[in-house]
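Working notes, beginning with the structure itself.
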Amino acid sequence: MNSVIPRLAAPSPEASGAGTRPAAGVWAVRAADPSLEAVAETVRALLAPHLPRVTAADPSGAPRAIVLVHEEIPHAPVPLGLAVADAEHYRIRVDATGITCRAGTAAGVFRAATTAIQLITTGADLTDREVADGPRHAWRGLLVDPARGFVTAEELRRVVDVAALYKLNVLHLHLSDNEGWRLELPGLPELTAAGDGRFYTVQEYRDLQAYATARFVTLVPEIDLPGHCGALRAAFPGLPEAPMAEEDGGIVELLGNFMTLTPPVDLEDDGTARLVERIIEQVCALTDGGFVHVGADEAVGMCHRNYAAAVARLRETVRKFGKQPIAWQEASRTGVEPGDVVQYWLDGFERGDGGSDGDDNEGTMAALGLSPETADRLRAYFAPVAEDLARIVRGGGRVLLSPRTSVYLDRPYAASSVPEEQRDTTANLGLAAYPGRPLADLAAWDPAALGIPDDQVAGIEAALWGETIDGIDDLTMLLLPRLPAVAEAAWSGGPAPWDDYRGRLARHGRLWSERGLAYLAAREIDWQAGDG
Ligand code: TNX
């Protein structure tokens with residue numbers, strides 16, 4: 001029995017002379033191969049916050065070691081989706097001398113080491129055995145939204161650490177929106193000068209990227225256009241407004257009651273197109289990873305032709321500067337080319353019955369207390385959503401899965417999850433439009449249930465939007481304890497039985513505490529504080 005999340009794939013039979021011993025004690029991290037010394041250094045840093053406790057428990061013990069070994073893993077299955085990293089399969093062996101991590105790549109060795117760190121820090125007994133493990137999905141991401149809920153670059157590193165500990169490998173940064181522009185770009189000082197002074201300098205972005213890369217996490221920056229462009233407008237006053245649809249049924253006014261809407265920019269305007277090209281060029285130049293996200297969500301009320309031109313232009317520009325563009329699902333309505341990557345988020349519409357828990361558009365509208373007429377207008381506006389997924393699949397696109405009913409972590413907690421003493425700190429966390437859902441529901445999410453052909457799945461991404469976030473404690477409070485369930489769906493391919501998952505999760509609260517991360521001590525879980 002271990003408490004590792006995501007759960008380990010097939011264990012081999014227990015090693016001969018099987019024994020168990022407490023994980024507490026003195027631990028060293030050693031690279032058996034000099035090429036793995038940099039990984040060993042990163043693993044030491046990741047383990048460090050947990051060491052005082054571990055060391056104190058056994059001051060006399062000879063150090064056991066996490067040993068990092070380069071060794072090819074034969075016959076490793078190929079994961080689904082877009083490769084953002086080298087192969088990540090590994091083998092891990094536990095015995096009296098410590099934990100040996102073997103893989104054919106540095107990425108695989110690092111993933112193995114995160115398993116080792118969890119074995120040590122979640123306080124389980126270590127049982128002699130050997131396990132082969134690897135990801136079901138190649139792309140396992142987390143979106144954070146400093147455009148709304150700003151956190152510093154230093155705080156983002158802590159988010160990278162926790163993502164890496166759960167074997168996520170993408171940090172998607174929503175860097176621009178109506179509320180702010182958060183990335184300094186060479187030659188474009190207006191962008192950051194117009195805001196509230198909170199942004200990442202070029203150097204901070206580069207350093208964050210290097211920090212993430214050392215943890216085998218790829219940054220995917222998002223510049224959201226042609227809607228969500230208020231910060232761009234503030235920086236460059238007077239950008240022409242995109243032409244709107246002749247008949248929009250008052251949707252801009254209506255949705256404007258629930259969200260901040262700014263007139264979308266017009267990418268058929270030459271000056272705007274040139275400006276956007278300079279922005280995308282700089283973002284691509286700063287970014288080491290192969291992907292740049294161009295948004296394209298919620299361009300409410302825009303005339304279709306102009307929106308289609310914007311999407312085409314944005315994609316073309318990203319390609320011109322050597323990256324693969326990603327766009328939100330609305331972009332699929334302008335057509336899907338084979339290989340286009342589209343991020344799917346608006347689920348809950350395709351289910352004719354509205355879902356068993358009311359957690360769909362109907363549920364949202366009920367939560368907002370809308371009149372029947374208003375609800376009808378919203379239904380009409382959202383109607384095209386029901387066709388999006390099928391259209392992407394038909395067109396040969398690839399779907400990055402972020403269905404909001406399951407992996408949006410800006411959802412409030414269910415009242416039944418929140419312990420009395422955390423009522424106040426969580427009262428305003430999460431968007432009120434989303435009904436709270438018990439942890440067990442979220443942990444039951446099975447990405448395969450969407451029925452997308454294997455070769456058209458791009459990956460899985462949790463999304464933590466920032467409207468209700470004020471600082472890192474708010475951010476991690478929404479993230480934990482929910483993130484590990486998404487990580488398990490992404491790495492292991494589907495949910496575990498709730499009791500099994502719940503038992504493992506119970507040992508992770510201590511891991512978060514030792515890292516100084518605020519989390520919800522959800523009432524569904526029997527949090528284990530002691531050395532088990
Ligand atoms: C919709 S998800 C948005 C975001 C909001 C989010 C809140 C998406 C592509 N757009 O701008 O923050 O809902 O959950």
Side-chain angles (χ1 to χ4, degrees), residues 141-151 172-182 220-232 251-252 255-262 264 292-302 307 310-311 314 325-334 341-349 359-361 363-365 367-368 378 381-382 384-385 388-389 392 399-413 428-437 442 458 460-470 474-475 478-479 482 486:
L142 167 65
L143 174 152
V144 294
D145 174 17
R148 277 75 160 262
F150 186 77
V151 293
H172 171 166
L173 293 173
H174 185 75
L175 289 167
S176 77
D177 213 299
N178 298 317
E179 293 82 349
W181 190 283
R182 304 303 183 195
V220 175
E222 177 184 350
I223 301 299
D224 199 353
L225 291 169
H228 287 272
C229 63
L232 180 66
I251 196 67
V252 173
L255 283 181
N257 294 322
F258 310 114
M259 57 195 284
T260 311
L261 286 180
T262 311
V292 168
H293 203 302
V294 295
D297 58 315
E298 297 177 323
V300 179
M302 247 177 117
Y307 174 70
V311 169
L314 291 166
I326 305 182
W328 293 103
Q329 83 183 74
E330 291 95 318
S332 71
R333 297 173 205 160
T334 70
V341 184
V342 184
Q343 189 160 9
Y344 172 68
W345 65 285
L346 284 159
D347 74 322
F349 294 87
D359 183 17
D360 62 348
N361 210 30
T364 300
M365 289 193 285
L368 291 170
L378 278 180
Y381 173 72
F382 283 113
V385 166
D388 287 342
L389 200 51
I392 300 165
V399 191
L400 182 55
L401 296 173
S402 300
R404 64 191 183 133
T405 63
S406 302
V407 305
Y408 266 35
L409 304 182
D410 58 331
R411 174 180 297 280
Y413 285 105
N428 298 315
L429 285 185
L431 285 181
Y434 300 133
R437 297 185 69 191
L442 298 171
I460 293 185
E461 207 169 273
L464 180 46
W465 296 99
E467 286 95 331
T468 66
I469 291 175
D470 180 15
D474 283 357
L475 190 156
L478 283 170
L479 201 61
R482 293 186 287 200
V486 187

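Every number for a ligand or one of its atoms is a count from 1 in the order of the listing.
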Contacts of type side-chain hydrogen bond (donor to acceptor under 3.5 Å, both in side chains), residue H293, not counting sequence neighbours: Q343

Mutual orientation of the aromatic rings belonging to W465 and Y408 [parallel < 30°, tilted 30-60°, perpendicular > 60°]: tilted

Min side-chain heavy-atom separation W328-L346 under 4.5 Å: no

Distance-only side-chain donor-acceptor flag, N178 / T262, under 3.5 Å: yes

Heavy-atom side-chain proximity of I469 to V144 below 4.5 angstrom: no

Pairs under 3.5 Å, nitrogen or oxygen of ligand 1 with protein nitrogen or oxygen:
residue	atom	partner	partner atom	Å
ligand 1	10 (N)	D297	OD2	2.8
ligand 1	10 (N)	E298	OE1	3.4
ligand 1	11 (O)	R148	NH2	2.9
ligand 1	12 (O)	R148	NH1	2.9
ligand 1	12 (O)	E467	OE1	3.2
ligand 1	12 (O)	E467	OE2	2.6
ligand 1	14 (O)	D410	OD2	2.6
ligand 1	14 (O)	Y434	OH	2.6

Side-chain donor-acceptor pair present, W345, E330, cut-off under 3.5 Å: yes

